[in-house]
Chemist: 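Just dropping this structure here.
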Amino acid sequence: MSSEVERLADFVSSAGRIVVFTGAGVSTESGIPDFRSPGGVWDRFDPNEFTFQNFMGSEAGRRRYWELGRTTFPVIRRAEPNPGHHALVTLWRLGKLDCVITQNIDNLHQRAGLPADRVIELHGNATRARCLTCEQAYERERVQEWLDAGVAIPMCDPPCGGIIKPRTIMFGEAMPRVELEEAERRARASDLFLVVGSSLVVYPAAYMPLHAKDAGARLAIVNLTETPHDGRADLLVRGSAAGVLAAVVDRLQPRPVAR
Ligand code: NAD
């Protein structure tokens, strides 16, 4: 185990209230590409096309959005939680984890076994959709069946016929106020704030580590590459999210006593 991973295990062991902040990097080892690494989503698509304004503004914008959504949803659907997601569930079972604040939309923290009320989703959840007129909820799975059957722009069942939108926060869309306030409150109340797999360039999510640090928490960042907040961290671990989290949690588990 590297000395940074050992130090992180010591941080975790001595903390009483840990908040973990995850980004796309915690799910790359589940087969979901992140946005900004080479080969990531934005190497293949132009983010300026997939804004809330374009989605709401025209049928052409919605058609284009769903063309992309039809290809990206199967990647999320077939992904399985990896040892990093499972390690966070163990941390919760050990009573060390207050909550996970996530930028991810893939539902993998919950699928790994974290209770939904322990996961604060800042950018929504791609496994659900909803009609913007009557608020009828739709499983994204059902919408995918329509897309696969040739529907270009999914609409709400008759007589409503309203626009169906995935429950993700699109570029240019307002952030969810309740989740944002709750995340900031929990970040400020933590004594260890652990960032895992985030480039920390998407705001306002990227303020969370700064809120925690300003309120007196220790800040640790586990990421493969540099982030703009590295200078404020008490500990930087350059390594894979799954490998580092599994190694840290392994150190916390009680060991059988040899006789
Ligand atoms: P990002 O793409 O900006 O950054 C991901 C970071 O994770 C990078 O700095 C990269 O070096 C690091 N990383 C990649 N694989 C890693 C690994 N195995 N271990 C450790 N670090 C690793 O992602 P972000 O910071 O989450 O922000 C971008 C937006 O991406 C968010 O709004 C989020 O909604 C969205 N997104 C989510 C998913 C998902 O739900 N899985 C996937 C792609 C993008």
Side-chain angles (χ1 to χ4, degrees), residues 2 4-5 8 20-48 50-52 68-69 71-88 100-112 114 119-128 140 166-176 179-180 183 193-210 220-230 233 235-249:
S2 79
E4 283 79 22
V5 175
L8 182 57
V20 175
F21 177 89
T22 61
V26 84
S27 293
T28 53
E29 290 162 274
S30 292
I32 305 176
D34 61 16
F35 277 174
R36 289 174 181 78
S37 295
V41 175
W42 296 147
D43 268 2
R44 291 175 288 128
F45 298 95
D46 176 2
N48 295 317
F50 299 95
T51 60
F52 181 63
L68 173 64
T71 65
T72 53
F73 179 67
V75 177
I76 289 179
R77 180 173 54 186
R78 68 172 166 260
E80 293 292 333
N82 66 51
H85 299 103
H86 291 302
L88 295 179
V100 169
I101 301 170
T102 190
Q103 299 171 90
N104 293 347
I105 55 173
D106 55 29
N107 207 36
L108 287 182
H109 289 301
Q110 296 91 324
R111 284 192 47 213
L114 265 191
V119 185
I120 302 176
E121 295 174 316
L122 294 181
H123 296 159
N125 188 308
T127 66
R128 295 194 287 272
R140 179 62 179 77
R167 299 210 64 167
T168 52
I169 306 298
M170 295 178 177
F171 288 101
E173 186 174 359
M175 292 285 287
E179 282 81 354
L180 207 55
F193 193 90
L194 173 58
V195 174
V196 186
S198 174
S199 60
L200 297 180
V201 298
V202 178
Y203 285 89
Y207 285 124
M208 295 304 156
L210 305 181
I221 300 178
V222 178
N223 207 52
L224 285 178
T225 54
E226 286 179 10
T227 83
H229 299 335
D230 285 0
L235 178 63
L236 293 174
V237 185
R238 291 265 169 273
S240 111
V244 171
L245 290 178
V248 164
V249 166

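Just so you know, ligand 1 is whichever comes first in the structure, and atom 1 is the first atom listed for that ligand.
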Chemist: If we ignore hydrogens and angles and just use 3.5 Å, is the side chain of N107 paired with the main-chain N or O of N125 as donor and acceptor?
Modeler: no

Chemist: Tell me the contacting part of T28 for ligand 1: side chain, backbone, both, or neither, using a 4.0 Å heavy-atom threshold, strictly below.
Modeler: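 Within the 4.0 Å criterion, T28 contacts ligand 1 through side-chain atoms alone.
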
Chemist: Could you tell me, atom by atom, which parts of ligand 1 come under 4.0 Å of a heavy atom of G25?
Modeler: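 Within the 4.0 Å cut-off of G25, ligand 1 contributes 5 (C), 7 (O), 13 (N), 14 (C), 15 (N), 16 (C), 17 (C), 18 (N), 19 (N), 22 (C).
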
Chemist: Mind checking the CG-OG spacing from N223 to S199? Nearest 0.5 Å is all I need.
Modeler: 7.5 Å

Chemist: Would you mind telling me if ligand 1 is within reach of the side chain of V202, the backbone, both or neither, using heavy atoms under 4.0 Å?
Modeler: side chain

Chemist: With a cut-off of 4.0 Å, which atoms of ligand 1 are near a heavy atom of G23?
Modeler: 26 (O)

Chemist: Any N/O of V222 closer than 3.5 Å to an N/O of ligand 1?
Modeler: no

Chemist: Check if V201 has a non-hydrogen atom at a distance under 4.0 Å from any atom of ligand 1.
Modeler: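 Heavy atoms of V201 never come under 4.0 Å of ligand 1.
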
Chemist: With rounding to the nearest 0.5 Å, note down the distance linking OG1 in T225 to CZ in R238.
Modeler: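 Taking OG1 in T225 and CZ in R238, the distance rounds to 6.5 Å.
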
Chemist: For the CD atom of E80 and the CG atom of L108, what is their distance to the nearest 0.5 Å?
Modeler: 8.0 Å

Chemist: Can you measure from CZ (F21) to CD1 (I221) and round to the nearest 0.5 angstrom?
Modeler: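 The distance works out to 10.0 Å.
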
Chemist: Within a distance under 4.0 Å of any heavy atom of S198, pick out the atoms of ligand 1 and give their elements.
Modeler: 6 (C), 7 (O), 25 (O)

Chemist: Tell me which part of S27 gets within contact of ligand 1: side chain, backbone, both or neither, using heavy atoms under 4.0 Å.
Modeler: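 Within the 4.0 Å criterion, S27 contacts ligand 1 through side-chain atoms alone.
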
Chemist: Is R78 reaching over with its side chain to a backbone N or O of G31, donor-acceptor style, under 3.5 angstrom?
Modeler: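 Such a contact is absent between R78 side chain and G31 backbone.
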
Chemist: Keeping the roles fixed (side chain from T168, backbone from M170), state whether a donor-acceptor pair exists under 3.5 Å.
Modeler: no

Chemist: Can you tell me if H229 uses its side chain to pair, donor with acceptor, with the backbone of A206 under 3.5 Å?
Modeler: yes

Chemist: With atoms numbered from 1 as shown, which atoms in ligand 1 lie under 4.0 angstrom from a non-hydrogen atom of T225?
Modeler: 8 (C), 9 (O), 10 (C), 11 (O)

Chemist: Just verifying a value: how many Å separate T28 OG1 and D34 CG, rounded to the nearest 0.5 Å?
Modeler: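 The OG1 atom of T28 sits 6.0 Å away from the CG atom of D34.
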
Chemist: Between L224 and ligand 1, which residue portion shows a heavy-atom distance shorter than 4.0 Å: side chain, backbone, both, or neither?
Modeler: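 For L224, backbone and side-chain atoms both sit under 4.0 Å from ligand 1.
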
Chemist: Would you mind telling me which of D106, T102, T22 makes a side chain to side chain donor-acceptor pair (under 3.5 Å) with S27?
Modeler: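 Exactly one option meets the side chain to side chain donor-acceptor pair (under 3.5 Å) with S27, and it is D106.
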
Chemist: Any idea which heavy atoms bring E121 and Q110 closest together, and the distance?
Modeler: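 For E121 and Q110, the tightest heavy-atom pair comes out as OE2-NE2, 2.9 Å.
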
Chemist: With atoms numbered from 1 as shown, which atoms in ligand 1 lie under 4.0 angstrom from a non-hydrogen atom of G197?
Modeler: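 Selected atoms, number and element: 5 (C), 6 (C), 7 (O), 21 (N).
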
Chemist: Using a strict 4.0 Å cut-off to heavy atoms of H123, name the atoms of ligand 1 that fall inside it.
Modeler: 31 (C), 32 (O), 33 (C), 34 (O)

Chemist: Measuring from the heavy atoms of G239, does anything fall under 4.0 Å of ligand 1?
Modeler: yes

Chemist: Atom CE of M175 and atom CG of L122: how far apart are they, to the nearest 0.5 Å?
Modeler: 5.0 Å

Chemist: Under 4.0 Å from ligand 1, counting heavy atoms only, is it the side chain of Q103, its backbone, both or neither?
Modeler: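 It is both parts that get close, each with some atom under 4.0 Å.
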
Chemist: Show the atoms of ligand 1 that are less than 4.0 angstrom away from any heavy atom in E29.
Modeler: 17 (C), 18 (N), 19 (N)

Chemist: With atom 39 (C) of ligand 1 as the reference point, say which of I76, D34, V75, D106 has the nearest heavy atom.
Modeler: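 Shortest heavy-atom distance from atom 39 (C) of ligand 1: D106.
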
Chemist: In ligand 1, which numbered atoms sit nearer than 4.0 Å to a non-hydrogen atom of S240?
Modeler: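 So the answer, numbered in order with elements, is 19 (N).
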
Chemist: Heavy-atom distances under 4.0 Å decide this one: backbone, side chain, both or neither, for P33 against ligand 1?
Modeler: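 Backbone only; the side chain of P33 stays clear of ligand 1.
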
Chemist: Given N82, N125, N223, identify the one with the heavy atom nearest to atom 9 (O) of ligand 1.
Modeler: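 The nearest heavy atom belongs to N223.
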
